[in-house]
Amino acid sequence: MIEKFISIEGISKHYPAPDGGKTTIFEDLWLSMPRGEFGCVIGHSGCGKTTVLNILAGLDEPSEGTVIVDGQAIEGTSLDRAVIFQSHALLPWRTVMGNVAYAVSSKWRKWDKARVRAHAQKFIDIVGLTGSEHKRPSELSGGMKQRVGIARALSITPKIMLMDEPFSALDALTRGTLQDEVRRICLETGQTAFMITHDVDEAIYLADKIFLMTNGPGAVLAEVLENPLPKDRGRIDLHRHPHYYALRNHIVDFLVTRSKTFAETTKDHDPRNVPVVRPGFAEPAIVTTNTPIAGQTSAA
C-alpha cells in the first residue's frame, strides 16, 4: 500500500449566500498523494482549485473535513509548506539575495548571516540567477522574478511546494523555460509538489497525477489521471509518445463537456472511491481514498 504523504479527507468549503443560506464551492473532496509526487489540479474557474491550495497551505480553513500532511493535521501556516503565487510576491525593497535570505533566516533563526547567505546562494544558483544577487525586483524581468520566488520556496526545504498558476502571466518561451527548471528540480530533489493550472499541456508535462475537478459551485473531484508518459519525458518529443494524445484528448473532453454535465450524467459518483484512469490503457480502476492516516496529532 502506497503511503499517503498528503491526505485530503472529506473537505468542503461553504460561504454565506445573500438569501441567508450557503453557497458550496466544493464538497466532500478526498484526495491523496505519496511523497515525492507531482500533482496538478485542473478545472474551470470557480471550482475551488485555489481554495484547496490555500487550505493545504494553511491560509484558509475547510468548512468540513481535514487535511493531513506527513501524518499531522494542518492547523495554520507552516514553513514546511512553501507557496509560489501567480504574482511573484517579492519584497520590492530587498534584493534577490535579500528576498531568499529573508525566507532562510525565518526558518533557521539561529543561523549567522554568513550561513544564511551561503544557503540562499545555493538556491539562487539552482534557478540560474547567479550574478543577479544584488538586483531588486524592479530590475528583473517577469521570468526572473518568478525564479526568485522558486528559489525562495526551495530554500526553506519544504515538505510540499504549492504552486498557484505561477507561470500563467509569462510569455510562452519564459513559461516553457521555467517549467523545465521546476521539472528538473523536482526530479533531482524528490520534491513533493501540488500545482493549480488551467494549462492542459503544462499539466501533462509536469504532473505524475492530474486531478480533474467539475464545474463549481458544488464542484467535486471527478477523476484522477495517472500520467502514462515516462518519468524522463522531454518537452520536444512529448507529443510523439503513443499515449500523449489519448491523455490530452481525455482532459480536453472533460473540460469542454463532462465537467459541465458530470452531476447529471453520473448519479452514483462516490467521492471516496474516485475512478483512477490511465488514458491509453485499460478501463478505469477504482481507488479507495478514505483510509485515514494514523498518528495525526499536531499541525504540519
Side-chain angles (χ1 to χ4, degrees), residues 31 33-34 36-45 47 49-50 53 84 86 126-128 141-144 146-147 149-150 161-215 221-262 274-285 287:
L31 181 158
M33 288 172 50
E37 190 169 70
F38 198 122
C40 268
V41 178
I42 194 165
H44 291 284
S45 296
C47 73
K49 301 185 302 297
T50 296
L53 184 138
I84 303 173
Q86 291 184 36
I126 284 174
V127 300
S141 68
M144 293 173 76
Q146 285 300 76
R147 286 177 184 266
I150 294 168
M161 185 162 63
L162 303 167
M163 294 179 280
D164 185 4
E165 297 188 77
F167 315 129
S168 60
L170 303 175
D171 65 88
L173 291 176
T174 303
R175 183 166 61 248
T177 300
L178 288 186
Q179 288 169 354
D180 291 342
E181 286 297 305
V182 166
R183 177 161 173 75
R184 177 185 63 80
I185 291 166
C186 288
L187 286 174
E188 290 178 357
T189 64
Q191 176 70 57
T192 305
F194 185 88
M195 182 177 182
I196 290 169
T197 183
H198 284 99
D199 188 326
V200 173
D201 292 306
E202 180 172 74
I204 293 172
Y205 180 50
L206 294 176
D208 301 308
K209 193 174 286 179
I210 301 168
F211 303 98
L212 301 182
M213 297 283 291
T214 65
N215 288 13
L221 176 62
E223 289 180 356
V224 177
L225 302 186
E226 290 187 348
N227 195 330
L229 306 186
K231 194 82 170 177
D232 61 351
R233 57 188 176 269
R235 178 185 301 280
I236 295 176
D237 58 355
L238 196 67
H239 67 286
R240 295 190 178 95
H241 192 277
H243 297 308
Y244 170 77
Y245 285 106
L247 176 60
R248 193 178 194 281
N249 291 342
H250 187 96
I251 298 172
V252 171
D253 174 66
F254 176 83
L255 293 174
V256 172
T257 305
R258 292 189 295 122
S259 63
K260 303 171 184 176
T261 61
F262 187 84
V274 178
V276 177
V277 183
R278 296 187 78 205
F281 286 85
E283 290 299 312
V287 61

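One is the number of the first residue; the rest follow in order along the sequence.
- For the residue pair Leu229 and His241, the shortest heavy atom distance occurs at CD2-ND1, 3.2 Å.
- Arg258 contributes atom CZ, which lies 4.5 Å from atom NE2 of His250 (distance to the nearest 0.5 angstrom).
- The side chain to side chain contact (heavy atoms under 4.5 Å, CB included) search around Asn249 returns Tyr245, not counting sequence neighbours.
- No side-chain donor from either of Tyr244 and Asp237 sits under 3.5 Å from a side-chain acceptor of the other.
- For the pair Lys209 (side chain) and Val224 (backbone), a donor-acceptor distance under 3.5 Å is absent.
- Side-chain contact between Leu221 and Met213 is present, with heavy atoms from C-beta onward closer than 4.5 Å.
- Taking CG of Asp164 as the reference point, atom CG of Leu53 lies at 5.5 Å (rounded to 0.5 Å).
- Between Arg233 and Tyr205, the closest heavy-atom pair is NE-O, 3.0 Å.
- The backbone N or O of Asp180 sits nowhere less than 3.5 Å from a side-chain atom of Arg183 that would complete a donor-acceptor pair.
- Between atom CZ of residue Phe38 and atom CG of residue Leu187 there is a gap of 9.5 Å, rounded to the nearest 0.5 Å.
- Checking side-chain atoms of Ser259 against main-chain N and O of Thr214 turns up no donor-acceptor pair under 3.5 Å.
- Ser45 has its side chain within reach of His198: a pair of non-hydrogen atoms, C-beta onward, lies under 4.5 Å apart.
- Side-chain N/O atoms of His44 and Lys260 include no donor and acceptor closer than 3.5 Å.
- Residues Val182 and Met163 are in side-chain contact: their nearest non-hydrogen atoms beyond the backbone lie under 4.5 Å apart.
- One finds the CD1 atom of Ile126 at 8.0 Å from the CD atom of Glu188 (value rounded to the nearest 0.5 Å).
- Looking at His243 and Asn227, their side chains never come closer than 4.5 Å, going by heavy atoms from C-beta outward.
- Note that the CZ atom of Arg248 and the CG atom of Asp253 stand 12.5 Å from one another [nearest 0.5 Å].
- Here the closest non-hydrogen pair linking Glu226 and Pro279 is O-CD, 4.3 Å.
- Looking only at side-chain heavy atoms (C-beta outward), Glu181 and Ile150 stay at 4.5 Å or farther from each other.
- With respect to Phe167, the side-chain contact (heavy atoms from CB on, under 4.5 Å) criterion is satisfied by exactly one of Leu178, Thr174, Thr177, Asp199: Leu178.
- Contact check for Glu202 versus Cys40: no side-chain heavy atoms found under the 4.5 Å cut-off.
- Put simply, the side chain of Glu37 never gets that close to the backbone of Asp208: no donor and acceptor are under 3.5 Å apart.
- A distance of 8.0 Å separates CZ in Arg147 from OG in Ser141, rounded to the nearest 0.5 Å.
- Scanning both residues, Ala193 and Cys186, for their nearest heavy atoms gives CB-SG, 4.3 Å.
- Nearest heavy-atom pair, Leu170 versus Gly143, reported as atom, atom and distance to 0.1 Å: CD2-N, 3.8 Å.
- At a threshold of 4.5 Å between non-hydrogen side-chain atoms, the residues Val277 and Phe254 do not count as touching.
- The side-chain heavy atoms of Phe194 and Val41, taken from C-beta on, include a pair separated by under 4.5 Å.
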